[in-house]
Amino acid sequence: MTRILVSKSNAIIPFISSFYILRSSSIRPYSSLKGKVGVRINVENEVKCLDDAVNLFNRMVRMKPLPSLPVFCKLLKTMINMKHYYAVISLFREMRKLDIPINEFILSNVINNYCLMHRVDCAFSLLPIHLKSGIPFNVVTFNTLIRGLFAENKVTDAVVLFKNLVREKICEPNEIMYGTVMNGLSKRGHTEKTLSLLRLMEQGNTKPNIYIYNVVIDAFCKDRNLDAAISILNEMKQKGIPPDIVTHNSLIDGLCKLGQWEKVKTLLSEMVNLNIYPNVRTFSILIDGLCKEGKVEDAEEVMRHMIEKGVEPNIITYSVIMDGYCLRGQVDRARRVFDIMIDKGIEPNIFSYSILINGYCKKKEVAKAMQLLGEISQRGLKPDIVTYNTIQQGLFDVGRIGDAKKIYAEMLSRGPVPNSSTHCILLKGYFRYGLVEEAMSLFNKLKINREDTNIELYNVVINGLCKNGKLDKAHAIFEKLSLIGLLPDVRTYNVMINGFCLQGLLDEAKSMLRKMKKNSCLPDNVTYNVFVQGFLRWSKFSEMRTFMVEMADGGFSFDASTAGFLVNVVRENPSVLDMIPELHSKNKY
DNA sequence: ATAGGGTTAG
């Protein structure tokens, strides 16, 4: 399958090269703010770091008369942009203490500041100041709060707040508020609700604009539903809203991920006809698409092309190329790209390091990965959750269990907070090396703290127990899933079925298959392969024959592991070959 | 004249 896709992407290079890209140098608007009596304060020019900001603030509060509120506002905003959230809070407190007047602009900045700190609770606690000072709430304040709720994944709270604002007519939502809610929903997988809001807007007074359409189109693209995305594209065109570079980038990304290179080309020429030229994101999307298909040379050529046209690659462009080399196992080439990037004056970030560490781990060169891990802090960076998870997986893969545990301990003491993937990696690792007690002790700790209750984690534990000969314990956990409100998915059933098959309990396995069908969980290719291996293992060849006919009818086929198993069985007992029905063209693969 | 909130790539 990959081979076909690769050949489809070949023609993209000359095609892209045929573009002529115009770049106009952007001129930063001159912005200057001054106090009431001609004291010019240009916040943007004066404030380059936290010290500058605090010094300027101290100067400002001594001026008579005080600089105007927009100057204070601009200063706070500049500090927020520099992510000095704690400092913003203390300066705001200082303003209150000095009785410096505040207004809605100052307040909404401080509210936003709390939201960006992921302290939406503190943001809400500022609302009484509005009431006390007689400053009315407005759509910006509420929009900021909604965004803050989404940022902390409080989706229900965000939607409830939005609905209340509308129902109680507290404020009229504008395009931006709709956009915030729709983006929050779409990024968390609620594409249907996002679409409903679009339809609601079309009925109401606030008509959808380009931002709104872009959110909806991107949501469909992320769902790999390009037909729906393109139908929304046509709707917006019909309403006289021309798609822009963002729209095109979303669509191109969606098409690249589906390997639909012909359509990518069509879209690229359409956008150039509209005088919309590919930017660094467009090129990074194309480069990523090529890399994911193993065509890193073509990706490099697209990169040379973009540079020729005056579009400079950024850290993300280099990242996708590095990851492309790592995917092909050429981590040394990735390392060279990393060095070239540094030579060009682009500082690596934690992504760059995680990509390389992953590359080395996949090649089982864990020592090099560990060395890079050490370099991270030397550069003033911090390993994030992905870095830690990657290195732990790498350590388990080479059997360095003690070191993996040390890394986990380091996370617990210094952060980042382990997530669900971390726990899955640890549990899988323990079970893989037969450390059942270790695994169960971690699992029980997680249960007590109610940290992780997701089906994927339970799948790991059930599978681990089955593989370590503890079928009864696994089955008991499986039976209790509904008590903790978890629904088994296809993988849960597969690991249970495999557990039964390993023990020769084929009737129990079949009853589990009936159960999953009854609970409207459709068996997948893995389910069928697990059964075939079970029949083979216990020499139930005639049952296997019946089963394989059903399998072929469903369009399923052997995977590599079953095929290998079968070859071994046939070598021992050639007559098994006669028991295999011919699997015709119904096969999916 | 001035200031605050929304969309796309690893």
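Side-chain atoms are counted along with the backbone in the values below, which use heavy atoms only and exclude waters and symmetry mates. Every chain is numbered from 1 and lettered A, B, ... according to where its sequence line falls, protein lines coming before strand lines. Here the structure is a predicted model, which is why all the values come from computation and not from measurement.
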Figure out the [atom1]/[atom2] separation between [X] and [N], and round it to whole Å.
{"X": "A/M182", "N": "B/dT8", "atom1": "CE", "atom2": "P", "answer": "13 Å"}
{"X": "A/F105", "N": "B/dA1", "atom1": "CZ", "atom2": "P", "answer": "16 Å"}
{"X": "A/K187", "N": "B/dT7", "atom1": "NZ", "atom2": "P", "answer": "7 Å"}
{"X": "A/K292", "N": "B/dA9", "atom1": "NZ", "atom2": "P", "answer": "13 Å"}
{"X": "A/M303", "N": "B/dG10", "atom1": "CE", "atom2": "P", "answer": "16 Å"}
{"X": "A/H248", "N": "B/dT8", "atom1": "NE2", "atom2": "P", "answer": "17 Å"}
{"X": "A/D288", "N": "B/dG10", "atom1": "CG", "atom2": "C1'", "answer": "7 Å"}
{"X": "A/D253", "N": "B/dT8", "atom1": "CG", "atom2": "P", "answer": "11 Å"}

Given [options], the nucleotide with the shortest approach to the side chain of [X]:
{"X": "A/V246", "options": "B/dT8, B/dG6, B/dA9", "result": "B/dT8"}
{"X": "A/V215", "options": "B/dG10, B/dT7, B/dG4", "result": "B/dT7"}
{"X": "A/S68", "options": "B/dG6, B/dA9, B/dT2", "result": "B/dT2"}
{"X": "A/S284", "options": "B/dA9, B/dT7, B/dA3", "result": "B/dA9"}
{"X": "A/R281", "options": "B/dG4, B/dG6, B/dT8", "result": "B/dT8"}
{"X": "A/N112", "options": "B/dG10, B/dT8, B/dG5", "result": "B/dG5"}
{"X": "A/F351", "options": "B/dG10, B/dT2, B/dG5", "result": "B/dG10"}
{"X": "A/V140", "options": "B/dG4, B/dA9, B/dG6", "result": "B/dG4"}
{"X": "A/V280", "options": "B/dA9, B/dG5, B/dG4", "result": "B/dA9"}

Just to be sure I understand the rule, does [X] reach a base, reach only the sugar-phosphate, or reach nothing, if contact means heavy atoms closer than 4.0 Å?
{"X": "A/N113", "result": "nothing"}
{"X": "A/I106", "result": "nothing"}
{"X": "A/V320", "result": "sugar-phosphate"}
{"X": "A/I316", "result": "base"}
{"X": "A/N349", "result": "base"}
{"X": "A/D323", "result": "nothing"}
{"X": "A/I252", "result": "nothing"}
{"X": "A/V181", "result": "nothing"}

Do [X] and [N] have a side chain to base donor-acceptor pair shorter than 3.5 Å?
{"X": "A/S319", "N": "B/dG10", "result": "yes"}
{"X": "A/N138", "N": "B/dG4", "result": "yes"}
{"X": "A/T180", "N": "B/dG6", "result": "no"}
{"X": "A/N103", "N": "B/dA3", "result": "yes"}
{"X": "A/N314", "N": "B/dG10", "result": "no"}
{"X": "A/N174", "N": "B/dG5", "result": "yes"}

Quiz prompt | Non-neighbouring partners of A/N225 that pass side chain to side chain contact (heavy atoms under 4.5 Å, CB included), sequence neighbours left out | solution = A/F220, A/D223, A/D227, A/A228
Do [X] and [Y] touch side chain to side chain, with heavy atoms closer than 4.5 Å?
{"X": "A/P173", "Y": "A/F162", "value": "yes"}
{"X": "A/L145", "Y": "A/F142", "value": "yes"}
{"X": "A/E202", "Y": "A/K239", "value": "yes"}
{"X": "A/V296", "Y": "A/L290", "value": "no"}

Quiz item: Are A/Y178 and A/Y211 an aromatic pair by the rule of ring centers under 6.0 Å?
Solution: no
Practice problem: Taking the six-membered ring for Trp and the single ring otherwise, decide whether the centroids of A/F72 and A/F105 are under 6.0 Å apart. | Solution: no
Check the phosphate of [N] against [X], side-chain N and O only, distance under 4.0 Å to OP1 or OP2. Yes or no?
{"X": "A/K257", "N": "B/dT8", "result": "no"}
{"X": "A/R147", "N": "B/dT7", "result": "yes"}
{"X": "A/N183", "N": "B/dT7", "result": "yes"}

Practice problem: Evaluate whether atom CD of A/Q238 has more than 12 neighbouring non-hydrogen atoms of other residues, nucleotides or ligands under 6.0 angstrom away. | Solution: no
